[in-house]
Structure formats: C-alpha cells, structure tokens
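Comments concern the structure below.
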Amino acid sequence: MAQRESWATRTGFILAAVGSAVGLGNIWRFPFQVGQEGGAGFVLIYLLFIALIGFPVMLAEFVIGRRTELNPVGAVKQLAAGRFRYAGWLFFTTGFLILSYYSVVAGWTFRYVLLGLQNDYVADVAGAEQQFLSVASGLDAVLFHALFMLAIIVIVGFGIRRGIELAVKVMVPAIIVIMIGMAIYAFTLEGSGEAYAYYLSPDFGYIGSEWQNILPAAAGQAFFTLSLGMGVMITYASYLGEDRNLAEDGLIIVGFDTFIALLAGLVVFPIFFSAGVNPGSPGAGAVFVTLAAAFGEISFGGLIGAIFFFTVAIAALSSAISILEVVVSYLIDEHGMDRLSATTIISVVIFLVGLPTTYDIVVLDLYDKLVNDILLVSGGFLIALFVGWEISDFAIDELEQGIGDLGSWGIAWLWLLRIPAVIGLLVVVLLGISGYYDFLTGDFAGWLEQTV
Ligand code: PHE
C-alpha cells in the first residue's frame, strides 16, 4: 500500500481545520439560528456548549485520529472492542448526508454572487422571496449543486498537500480578512446600534420558556460549526504524522471559528436592521431572502452583496472538502481504492442523494435538522463516551505527546467528557429526536399533504 499522506506544515493542518470549521455554519446557519431562537440568549448558550463540550470533544477526535492514523471507520474499529466497533459508520453516514445538502446551499451562494455582480437583488422582501425560490429549487439549484461538487472533487482529488493544504492556505486568510472588512462596513450603517443590542443582550425570560428548543439547537450548532461529531477532526489529525501540541492547535481552531461566527452576526444584523427587514424570520432560506432584500436596498448593495456571498462560498468550499475527505479516506484506507476514483465515485452518489433537497426547501430542512439536531450530537455523544470511559488511559497519554505532563488539566478534560458531555449530549439527542418527530408530523406532514 502506498505511504499515507501527511500535512506539509503545522500551519497547513491548522488552516485546514479552521477552513473546515468556518463555513456555512458560521455565516449562514449561525445568524439564522440566532434569529429563530430569539437572539442573544441563544448566543450565550451556544458559547457555553463550545467551551465546555465542543472543545473537549475536538481534542478527543484529535487523539483518536493521531493515534490510529486511520479514517474514522477504521480508527474506531481498531481502538474499540465490542459495542463501539461500528460507531465509525455513524460518522460515515452523517458525512455523506451533510455534504449532499451542504453542496446545494453552497450552490445558492455562488448563484447569489452572480446576482450581485449583475446588480439583480430585489429590494422588497416578497420579490426577494420569489427570486430565492428560483435560485433554491429546480434546474438552477441542480446545476450549481453539480458545479460545487465538481470543484471539491478537483481539490480533494489532488490529495492532502497539493489539494486541501494548498487550497486552504489561500482561502482561509481571505475569508478572515474580508469578514473583518465587512463588519467594519456594517458598523457604519444606520441602525447598527439597534442591531448590536438585539444580538448581544440576552433575554433570560425567553431562555426560560424556550429552553427545550434552544438547547438542542445551540448544541447542534456548536457541533456543526466546529465540524465535530462525524470524524472530520479524526481524519485531519490522522494526517499529522508527528506529535505536537494538540491542545494549543485546538484552542486556535475553536478561537477562529467562534470569532468568525460572532463576526458574521456583526455583519448580518446591522444589514438587516438598516434595511428594515425582520431578523427573526425563520427558516433556512431566510438569511438569503432577507440579505438579498437588504442588499437590494442599500447603496452599492450589488457589489457588497457579491463580495459577501463570495466569502460565504469559499468558506463553504473549504468546509466541504473536509467532509468529502472523511468519506474518501475511508475508501482509500479500508478498500484500497485510489484517491481519484474514490473521490469521483462517491461524489456522484452524494450529488444524487442531495437532489431531493433542490425540490423544496422543506426537504432541505428535513436533512439539515436530522443532521444537526440528531446525528452530529449523537456522534459527539459516542466520542465522549468512548474516549472518556473506554480508552481513557491511553487517551491522556496520547494527548500528552507533544505537550508534556498535563497533570490536573488532563483529568479535567476527561471528566468534562465523562459527565457534562455524555449527559448533556444525551439529553440533547433525546430533545432532538422529539423535536424532529414534531417536525415530521407537523410542518413536514402538512407540506407533504399540500404537495402530493
Ligand atoms: N463546520 C462547517 C461549517 O460551519 C460544517 C461542517 C460540519 C463541516 C460537519 C464538517 C463537518 O460550515
């Protein structure tokens, strides 16, 4: 078997992981979740999940990947006995499913870049909604979904160093710089003060009455945005090849991701408020509709919108390649396929699985909720249980490689995984399942009835 690939540099690994973390989750999903879940209270709970559960789980994934130097399915199989042996399959399935609709949404963003360049955003919300429907469904959506998949096939096909590492070295710095620029621009807009107040001051009454919805949404968002719970970080760490300080790397990655998510709020909400559109309109399409309407309203909106959506599009690219790499690494490691055929074949299947979501946004919601509210958090739950309880002795030992004696920090890490992560995530999974059931029997059933 050919020698396994590895990152060329430490920055390469960190940029790839930041590139994976920073994506549609930060710039599309985060603001629409904040809007839907009532503003700053959601942000607060989300931050708690990031720090207390997300970060420890990320380190757990790193440890599994670096120790085994394998794809998630193979890694779990190698380390686990008995009941955990097959947990890796959950990661494979989740990755597969995420990418199938992630690519569709990413396709919309490319389409919105073009609309901006043609100065075609529609200023009133009803018109913008019509426009969104034509972008998000039908032939256009399929076409851009296909183009996006093609782009990531090319990058992942070139492999770790010449594909992924090279791409993220250009994309990640660009994303960070443009987003900072956009936030400064948004600050100058009329109404930005009101927007910051909405975004940054939590309403504890609302948290108290809506916690059953806010908790799973915030936990799912934390996992989604950090690319956790489906083996991306296992896979990326499996290409490390040498020992270095994973805790430090993890802090940098979590730090950048959180920074960009919070920054995205500072960009999006002032734009909403200045154009007088409602930030709380729910649904996966809302951010596109409201933003496009807002860009249609403000001066130079076409150009600014094009730059904004372009940033979202490259952020989506640098995330999507990490999801594809999970699935591809499995086919290479476990089935001895060559990289290019693995990448191409699996991408065609993923493309097909994503097609139903181009039919109607409700189908996309069906995928997204399943992934976010149930699958990712279930994956995180299994990782916490596995690393915290099953392989804890050598997990600490592995984390200490490249750091040195962790002392009580190591113990704290383990106990965060063992109790808060395991119990918290279990609760969240159960709430997620019940919420999903409500969605299936409510909104989704209603939609089905209307359509067929
Ligand atoms: N973290 C990515 C984002 O925020 C999405 C993602 C989820 C990527 C899971 C990989 C795995 O857009």
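One-based numbering, in listed order, for ligands and for the atoms of each.
Taking only nitrogen or oxygen atoms, main chain and side chain alike, I323 does not reach within less than 3.5 Å of ligand 1. Remark: ligand 1 and F224 share an N or O pair separated by less than 3.5 Å (distance only, no angle test). At a 3.5 angstrom cut-off on N or O pairs, S322 does not count as close to ligand 1. Taking only nitrogen or oxygen atoms, main chain and side chain alike, L376 does not reach within less than 3.5 Å of ligand 1. Considering backbone and side-chain atoms together, G25 places an N or O closer than 3.5 Å to an N or O of ligand 1.
Less than 4.0 angstrom separates some heavy atom of N26 from each of these atoms of ligand 1: 4 (O). Atoms of ligand 1 lying under 4.0 Å from any heavy atom of V232, numbered from 1 in the order shown and given with element: 10 (C), 11 (C).
Taken to the nearest 0.5 Å, the CZ atom of R111 stands 9.0 Å off from the CG atom of L143. We find the OH-CG distance between Y101 and L366 to be 11.0 Å, quoted to the nearest 0.5 Å.
Residues E165 and T9 bring a donor and an acceptor atom of their side chains to less than 3.5 Å of each other. If you check the side chains of Y239 and E325, you find a donor sitting under 3.5 Å from an acceptor.
Nearest protein neighbour of atom 8 (C) of ligand 1, counting heavy atoms only, is S227 OG, 3.3 Å. Summary of contacts: the protein heavy atom closest to atom 11 (C) of ligand 1 is M230 SD, 3.3 Å.
For the ligand labelled ligand 1, residue Y102 lies inside the 4.0 Å heavy-atom shell.
When the options S20, G23, G231 are ranked by their closest heavy atom to atom 2 (C) of ligand 1, first place goes to S20. Across A21, G19, G229, heavy-atom proximity to atom 4 (O) of ligand 1 is greatest for A21.
With ring centers used as reference points, F132 lies under 6.0 Å from W108. Checked against the 6.0 Å centroid threshold, F30 and Y46 count as a close aromatic pair. Aromatic ring centroids of W413 and F55 lie 6.0 Å or more apart. F144 has its ring centre no less than 6.0 Å from the ring centre of F110.
Only side-chain heavy atoms of I98 come within less than 4.0 Å of ligand 1; its backbone N, CA, C and O stay farther off.
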inquiry  = Please determine whether salt bridge (charged side-chain N to carboxylate O under 4.0 Å, His left out) holds for the pair E5 and R161, giving the CA-CA distance in whole Å, both sets of side-chain angles, and the decisive distance to 0.1 Å.
reply    = CA-CA 8 Å; E5 294 180 83; R161 288 190 188 189; over 6 Å; no

